[in-house]
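Take a look at the structure below.
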Amino acid sequence: AGSTPGAGSTPGAGSTSTPAPTTATVCRGRCRARKLLDKMTNMWGFDTGSIETVSCGSHKADTCLACPEGKGKDWCNGDCQWDSESDTCIPRPIKPVSCGSHKADTCLACPQGNGKDWCNGDCQWDNESDTCIPGPKYVTPEYEELLDLNLYPFQPVRDENGKFVNVMLVQSAFSHPEEKAAFEKYKDDILFLGIMSYETFPFPSPNPHANKFGRDDYLDIFPGWLNMYRNPEEIFPDNVKILQMSQSDFALPEIDYEVEVKEGKHIKRFDFVYVMSTGGTKVNEDYDGACNGWGAHAKNFTFAKDALEVMCDEGMTGVVLATRDDWTSKPCKLPASCEGKVLQTPYVSYEEALDYFRQSKFLFIPQVYDASPRVVTQAMALDVPVLMNRNIVGGWKYINDKTGEFFNDLSDFKESYAHVLANGNDYEPRRYVIENYGTETSGEKLFRFVKEHFSDRVNLPEGSKVLVPS
């Protein structure tokens, strides 16, 4: 359950002095979810003991007591809080409410002295009492139960004010029986929509490390699909409503680009940046430098190394993210010609990754089996053009004469990257992606889709115009 210390702490979540943990307090913070899990065990006929029910912030554990993993209070966040008297991690005394962009123990605590602008989400401002009070709910009790279960495939949806709506996106195949059982139990009470986000889902991935399932298992079990296919009408049944959309449409970083340029953040140090991934596999375990785990297959590392050799032979410089365990360990092996020309990093923070994007002339996307490459829209928002494999499952729609270039294989690779470098000043990726994607533009599109096709199943908040995966 690796984690970044301190990550995931929520502004406004606040804590009060609490007693030393007992059996009762260990249970209290997540009792509702635990009861649901017991129900799944007793009534649904399978073991839920493997489900991790407590969020520690940026990782999970069976209980809050187990969150720190010997690392102290910085690893005690999320559903838990640090008790300084007992020097242990314990559950928050109540389930926090969403204030919109932060959380608090109650709606009254949301404003933190900042007035009605800090009162959103589950709450609303009452002008008569000049306080933040609980607002109306737009989801079913079953929706809240599913949220409490915290199962990976299910992604909730909110409006622009942070209010949950009765739409749940399914972002990956079900890899555990409890996930499938939860869907079957709640599918009549919640609007489930598929969304392309993970590898080649809804189709199974050829990645040998990926979850295996039938080719047609997910094409028609949801009444709607947010997808990135070039020909979705030839893939989904006629009764399934379709929308060209994926997770990456919402992934734009919020920055003040002009200020960043003035501060020198966009001075180029590298010709290219490529985001690899070890997929959680330790590079230095039985080290041979091959790096052939889940991430390498997902990011097409075999082809990427051939392409890197071509660029390095030309004297180009670059940075390859996430190809070593830490800065002192051995990295994944690259072609000999890349020695001294390519910087290889371990996993870095989101902001650090954006800095490498800023400092590169183009983003290299060699992968094929990727349904929603978020790094593409992130780089474009930083005005970095993209060199993309034309055969990619998703992300192809972002590339045009103002954003970057395609290549087919090694036969036209050199010509394609040469064109990107020679015409860098002619591209306008930031302008294009901001005008066509992002939370507001894509959120309005998703709102219209739900309202047009599923208004009989979803009660949308009055005045809302935007729906966003959260």
- prompt: Which is it for Cys132 and Cys119 under the disulfide (SG to SG under 2.5 Å) test, yes or no, and what are the steps along the way?
  reply: CA-CA 6 Å; Cys132 189; Cys119 177; 2.1 Å; yes

query: What pair of heavy atoms forms the shortest contact from Tyr229 to Gln244, and how long is it?
result: O-NE2, 4.2 Å

- prompt: Taking it one step at a time, do Glu184 and Lys180 satisfy salt bridge (Lys or Arg N to Asp or Glu O under 4.0 Å)?
  reply: CA-CA 6 Å; Glu184 292 294 341; Lys180 175 66 171 176; 3.0 Å; yes

query: Do Pro429 and Tyr398 have side-chain heavy atoms sitting under 4.5 Å apart?
result: no

- prompt: Backbone N or O of Gly438 within a donor-acceptor pair of the Thr441 side chain at under 3.5 Å?
  reply: no

statement: When rounded to the nearest 0.5 Å, the distance separating CG of Leu467 from CD of Glu444 is 10.5 Å

message: I'd like to know if the side chain of Arg324 reaches the main chain of Gln344, judged simply by a donor and an acceptor atom lying under 3.5 Å from each other, with no hydrogens or angles considered.
response: yes

field: Partner residues of Arg431 under the salt bridge (charged side-chain N to carboxylate O under 4.0 Å, His left out) criterion, sequence neighbours left out
entry: Glu428, Glu435

field: Heavy-atom check, side chain of Pro223 versus side chain of Leu191, under 4.5 Å
entry: yes

task: State, to 0.1 Å, how close Asn166 and Thr140 come at their nearest heavy-atom pair, and which atoms those are.
output: OD1-N, 3.2 Å

- request: Evaluate side chain to side chain contact (heavy atoms under 4.5 Å, CB included) for Ser101 paired with Trp118, printing each intermediate quantity in order.
  value: CA-CA 8 Å; Ser101 59; Trp118 282 43; over 6 Å; no

- prompt: Closest approach of Asn436 and Ser442, non-hydrogen atoms and distance?
  reply: O-OG, 4.5 Å

field: Qualifying residues under side-chain contact (heavy atoms from CB on, under 4.5 Å), relative to Leu108, sequence neighbours excluded
entry: Thr106, Thr131

query: After noting the C-alpha distance and the side-chain angles of Val376 and Met380, does the key distance pass the side chain to side chain contact (heavy atoms under 4.5 Å, CB included) rule?
result: CA-CA 6 Å; Val376 172; Met380 290 172 61; 3.7 Å; yes

Close side-chain approach of Leu151 and Pro153, heavy atoms under 4.5 Å: yes

- request: Scan residues 118-140 for pairs that pass salt bridge (charged side-chain N to carboxylate O under 4.0 Å, His left out), counting only residues two or more places apart or in two chains.
  value: Lys137-Glu144

field: Heavy-atom closest pair, residues Ser277 and Trp294
entry: OG-CZ3, 4.2 Å

- prompt: For the side chain of Tyr274 and the backbone of Lys299, is there at least one donor-acceptor N/O pair under 3.5 Å apart?
  reply: yes

Any Phe203 side-chain heavy atom under 4.5 Å of Val393 side chain: no

message: Tell me every residue that passes salt bridge (charged side-chain N to carboxylate O under 4.0 Å, His left out) with Asp249, counting only those two or more places apart in sequence or in another chain.
response: Lys397

field: Listed once per pair and sorted, the side chain to side chain donor-acceptor pair (under 3.5 Å) pairs that draw on residues 456-467, sequence neighbours left out
entry: Asp159-Ser464

message: For residues 192-203, which residue pairs pass the salt bridge (charged side-chain N to carboxylate O under 4.0 Å, His left out) check, not counting sequence neighbours?
response: none

query: Do any N or O atoms from the side chain of Tyr143 and from the backbone of Val167 form a donor-acceptor pair under 3.5 angstrom?
result: yes

- prompt: Going by heavy atoms in the side chains, are Leu193 and Ile195 under 4.5 Å from each other?
  reply: no

message: Looking at Gln124, I want to see if its CD is surrounded by more than 12 non-hydrogen atoms of other residues, nucleotides or ligands under 6.0 Å.
response: yes

- prompt: Are the side chain of Trp396 and the backbone N or O of Met388 linked by a donor-acceptor pair below 3.5 Å?
  reply: no

Under 3.5 Å: donor-acceptor pair, side chain of Lys73, backbone of Ser84: no

- prompt: So do the side chains of Leu382 and Leu354 get within less than 4.5 Å of each other, counting heavy atoms only?
  reply: yes

task: Decide yes or no on disulfide (SG to SG under 2.5 Å) for Cys56 and Cys89, but give the supporting numbers first.
output: CA-CA 9 Å; Cys56 308; Cys89 187; over 6 Å; no

message: Taking salt bridge (charged side-chain N to carboxylate O under 4.0 Å, His left out) as the definition, give me every residue that meets it alongside Glu263, ordered by chain and number, with sequence neighbours left out.
response: Lys265

query: Does any N or O in the side chain of Asn400 come within less than 3.5 Å of the main-chain N or O of Lys402, such that one atom is a donor and the other an acceptor?
result: yes

message: Can a donor-acceptor pair be found, under 3.5 Å and without considering hydrogens, that links the side chain of Asn300 to the backbone of Val368?
response: no

query: Which word best sums up how the rings of Phe364 and Phe272 line up, parallel for under 30°, tilted for 30 to 60°, or perpendicular for over 60°?
result: perpendicular

message: Do Met196 and Pro202 have side chains that approach each other closer than 4.5 Å (heavy atoms only, starting at C-beta)?
response: yes

statement: Tightest non-hydrogen contact, residues Pro68 and Trp82, listed as CG-CZ3, 3.8 Å

- request: Verify whether the ring centers belonging to Phe362 and Tyr427 lie closer than 6.0 Å.
  value: no

- request: Sequence neighbours left out, what passes side chain to side chain donor-acceptor pair (under 3.5 Å) with Thr345? Give chain and number order.
  value: none

message: Keeping Asn161 on the side-chain end and Asn120 on the backbone end, is there a donor-acceptor pair under 3.5 Å?
response: no

- request: Can you sort out the partners of Phe449 under ring-ring contact (aromatic ring centres under 6.0 Å, His included), two or more places apart, ordered by chain and number?
  value: His453, Phe454

field: Flag side-chain contact, heavy atom, 4.5 Å: Gln81 against Ile90
entry: yes

With sequence neighbours excluded, residues passing salt bridge (charged side-chain N to carboxylate O under 4.0 Å, His left out) with Lys268: none

query: Between Val375 and Ile365, is a side chain to side chain contact (heavy atoms under 4.5 Å, CB included) present by the stated rule, with each step listed?
result: CA-CA 9 Å; Val375 294; Ile365 299 291; 3.8 Å; yes

- request: Indicate the ring-plane relationship of Tyr198 and Tyr152, choosing parallel, tilted or perpendicular according to the 30° and 60° boundaries.
  value: perpendicular

Contacts of Phe222 that satisfy ring-ring contact (aromatic ring centres under 6.0 Å, His included) - sequence neighbours left out: Phe183, Trp225

- prompt: What side chain to side chain donor-acceptor pair (under 3.5 Å) pairs are there with at least one residue in residues 357-375, not counting sequence neighbours?
  reply: Ser197-Arg374, Ser246-Ser372, Ser248-Ser372, Glu260-Arg358, Arg269-Gln359, Asp271-Lys361, Asp355-Arg358, Gln367-Asp370

- request: Take Phe174 and Phe154 through the test ring-ring contact (aromatic ring centres under 6.0 Å, His included) and record every step on the way to the result.
  value: CA-CA 10 Å; Phe174 305 136; Phe154 304 115; 5.8 Å; yes

Under 3.5 Å donor-acceptor, Glu142 side chain and Tyr186 backbone: no

query: Between Asn227 and Pro232, which heavy-atom pair has the shortest distance, and what is it?
result: OD1-CB, 3.3 Å

task: Take Phe213 and Ser175, measure what side chain to side chain contact (heavy atoms under 4.5 Å, CB included) needs, and give me the verdict at the end.
output: CA-CA 9 Å; Phe213 52 91; Ser175 57; over 6 Å; no

